[in-house]
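Both backbone and side-chain heavy atoms feed into the values below; hydrogens, waters and symmetry mates do not.
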Amino acid sequence: MFCIPPHLHEEVFQSRYEPYRQTESTVQAVKVTTVLPPYSPSFHRPLSTLAVSEKEFLYLRDVEQGNMNLLPLYEKSYHNDNQPYDPCMPSKKKRFPFKLILILALLFAFIQLFLQLPPSLNSPFTLTRIMSSSSNYVKPLDPTFINRCQNIKKPNAEIFVNRLNKISSILPSDTIWISEPSASTSYFLGGFSEDDWFLSERPFLVAINSNLEIYIVTPSFEFNRAKLLFNNLPKEIQKKTNWLEWKENQSPYNILSEYLENNNTGINKFVLDDNVREFVSRGLRNVLQESKAGEDEEGENLEDQIRSLRERKDDWEIDMLKCANQFTLHAIRKTRERMYIGITESQIGKILEEEMDKTGLVGGEGLVLFGENAALPHGSGTDRKLIKTDLILIDVGGKWGGYVSDITRTFALPSSKIAKSHIDLWETVRKAQKAPYELLISSPDKDNITFGELDKSARNLITNWKNRDSLLLFSKEEEVKGDEVDFSIFTHRLGHGIGLEGHESPYLVQGELQGDKQIEQGNVFSLEPGIYLPSDHKKVNGLSGIGVRLEDCFVLKKDDHTHGWTGEWLSGPVEKFGDI
């Protein structure tokens, strides 16, 4: 089917047009002005250029089939959009795009289902975010692992009885161990941690002697509140506890010393937990004698022996730490899944807290630093937006059943554009993190490895990288000589112990205070080397304005067959750039 243009109507429909080729004086039918005139060059606007609506076009079709008045078509020359209308082109009716919307909705549902994008997005939904999320896909945690972590979360009473037996066996008969509410009281009793009892100017003391007896010294008006916490302790612990109350006009130190004397305990000395405040120490020294230099009758350091109990983790503690760290690692991965170019440091911090909370971790919080902000190891950030050339540093921890996790990752998004020199620096830090482990497994017959040696193994590798550039000019003050420790770009110790506290002994650093301390089976500590090159410092190997740190927790073990040193990573470590 085809359409005949109006200017050919006269030739095609001659029989129709002929009756009207008459003069005005002819008394016939219709006047010329009432119908379509023939096309002629003098007529400047042919019908093909008239702007008509769909309704008017249908009107024209009816005219083709019979005599109808076309005068209304002449009264309208242009359409509303000022575009000429061609009657030979069929009109398309505009319809609402239901099919298109349906397809888009199905596509979005597909992405939600298989890429596991969060249903409520904290930023504009863009193709870049979809692509980034799909490449960052995180597998769910193993349900068996989650169930196991839930089942072991509450310790049995036997654990605390064993711990009391150990500290009692260490204490001399005339010496009492004293602590304020802390991780140590929670370790030995199963409660009265610093989270349970806020420390104030009124001393609240927990003491243990060599006969497995426990003393709780409390302000009298706080007794009822203390008893509520006490009722949550294992029954075996409750049976061994003696309560001592002191009123506001009394000295808690005198109350304790008088009780010990009146009950013929033979105790006249004390040894303090590391976390006891100085004013409490002074008060105790006025009524009891502090163990000289912290040593017992055999000259062994009591403080170190007691501290060692917490430093050497048992299997249950290791499992708890493994749960805490694996949940934390999962939260970091889920956080990266929700990240995109243009997000801010504070936005990531909020997402990280959400993901930590989803795992069941308590108190999950972290440090988020972009680009040059990561050159300050514990910087607060500037809340700036993420750009494609930035590395991202996240340092985060939370608690599972009171046991703390600590993980640091430095990474980039799949859509980022990271310089090769920055990736090489990252690779140096990764090798430095593995160096202590390689030292352990390469020295199976060496029992007296120190924490200082572990620090040195990682630090030397970073120092070698720093000195790689022969053009690097250091002043004499910056040169590392002899046995001096190089803190120039790896500015902190290699790691710290971890357990009921995020930072606890032992500490991995060279030097006379901690460096000579020997490693022991059951030690759990972080391995967290870093390189920090602030923007306002001189360049190292051509780089500045960058910081990289990697951190995972590690437990020391002995091989059952060779009896040499080995260990287990509680998370990680990463094997290549791009991993978390």
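A cation-pi geometry, defined here as NZ or CZ lying under 6.0 Å from the six-membered ring centre and within 45° of its normal, holds between Arg163 and Tyr187. With a 6.0 Å cutoff to the six-membered ring centre and a 45° limit on the axis angle, Arg459 counts as a cation-pi contact of Phe490. For the pair Arg549 and Trp426, the cation-pi test (distance below 6.0 Å, angle within 45°) is failed.
Taking a cutoff of 4.0 Å between a charged side-chain nitrogen and a carboxylate oxygen, Lys399 and Glu501 do not qualify as a salt bridge. Salt bridge absent: Glu355 and Arg333 never bring a charged side-chain N and a carboxylate O closer than 4.0 Å. A salt bridge between Glu568 and Lys558 is absent, with no side-chain N of the basic residue lying under 4.0 Å from a carboxylate O of the acidic one. Comment: Lys517 does not engage Glu453 in a salt bridge, judged by the lack of any side-chain N to carboxylate O separation of less than 4.0 angstrom. With salt bridges taken as basic N to acidic carboxylate O contacts below 4.0 Å, one links Glu354 and Arg338. Between Asp486 and Lys466, at least one side-chain N (NZ, or NE/NH1/NH2) sits under 4.0 Å from a carboxylate O, which counts as a salt bridge. Between Arg225 and Glu222, at least one side-chain nitrogen of the basic residue sits less than 4.0 Å from a carboxylate oxygen of the acidic one, meeting the salt-bridge criterion.
Not a single donor-acceptor pair under 3.5 Å links the side chain of Ser186 to the backbone N or O of Ser182.
Taken to the nearest 0.5 Å, the OG1 atom of Thr410 stands 9.0 Å off from the CZ atom of Phe577. Remark: Lys385 NZ to Ile341 CD1 distance equals 12.0 Å, nearest 0.5 Å. With rounding to the nearest 0.5 Å, the separation of CG in Leu454 from CG in Leu439 is 6.0 Å.
For the residue pair Asp559/Thr566, the side-chain donor-acceptor check at 3.5 Å is not satisfied. Checked by atom type, the side-chain pair His492/Glu528 shows no donor-acceptor distance below 3.5 Å. No side-chain donor from either of Thr241 and Gln238 sits under 3.5 Å from a side-chain acceptor of the other. A donor-acceptor pair shorter than 3.5 Å can be found between the side chains of Asp395 and Thr408. No side-chain donor from either of Glu180 and Asn275 sits under 3.5 Å from a side-chain acceptor of the other. Using a 3.5 Å distance cut-off with no hydrogens or angles, the side chains of Ser193 and Asp195 do not pair a donor with an acceptor. For the residue pair Asp516 and Thr450, no side-chain donor N or O sits within less than 3.5 Å of a side-chain acceptor on the partner. Donor-acceptor pairing under 3.5 Å is lacking for the side chains of His537 and Tyr532.
Val161 has its side chain out of reach of Ile159: every pair of non-hydrogen atoms, C-beta onward, lies at least 4.5 Å apart. Side-chain contact between Ile498 and Leu570 is absent, with no heavy-atom pair separated by less than 4.5 Å. Contact annotation: the side chain of Ile152 approaches that of Cys323 to within less than 4.5 Å [non-hydrogen atoms, C-beta and beyond].
The aromatic rings of Phe554 and Phe525 sit tilted relative to each other, their planes meeting at an angle between 30° and 60°.
For an aromatic pair to be called close, the ring centres must be under 6.0 Å apart, and Phe192 with Phe204 satisfies this.
Under the side-chain hydrogen bond (donor to acceptor under 3.5 Å, both in side chains) criterion, the residue pairs touching residues 431-440 are Gln433-Asp552, with sequence neighbours excluded.
Remark: Glu365 CD is loosely packed, at most 12 non-hydrogen atoms of other residues, nucleotides or ligands lying under 6.0 Å away.
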Item to check | Leu393/Arg409 under side chain to side chain contact (heavy atoms under 4.5 Å, CB included): CA gap, chis, key distance, verdict | outcome: CA-CA 6 Å; Leu393 187 150; Arg409 288 291 183 267; over 6 Å; no
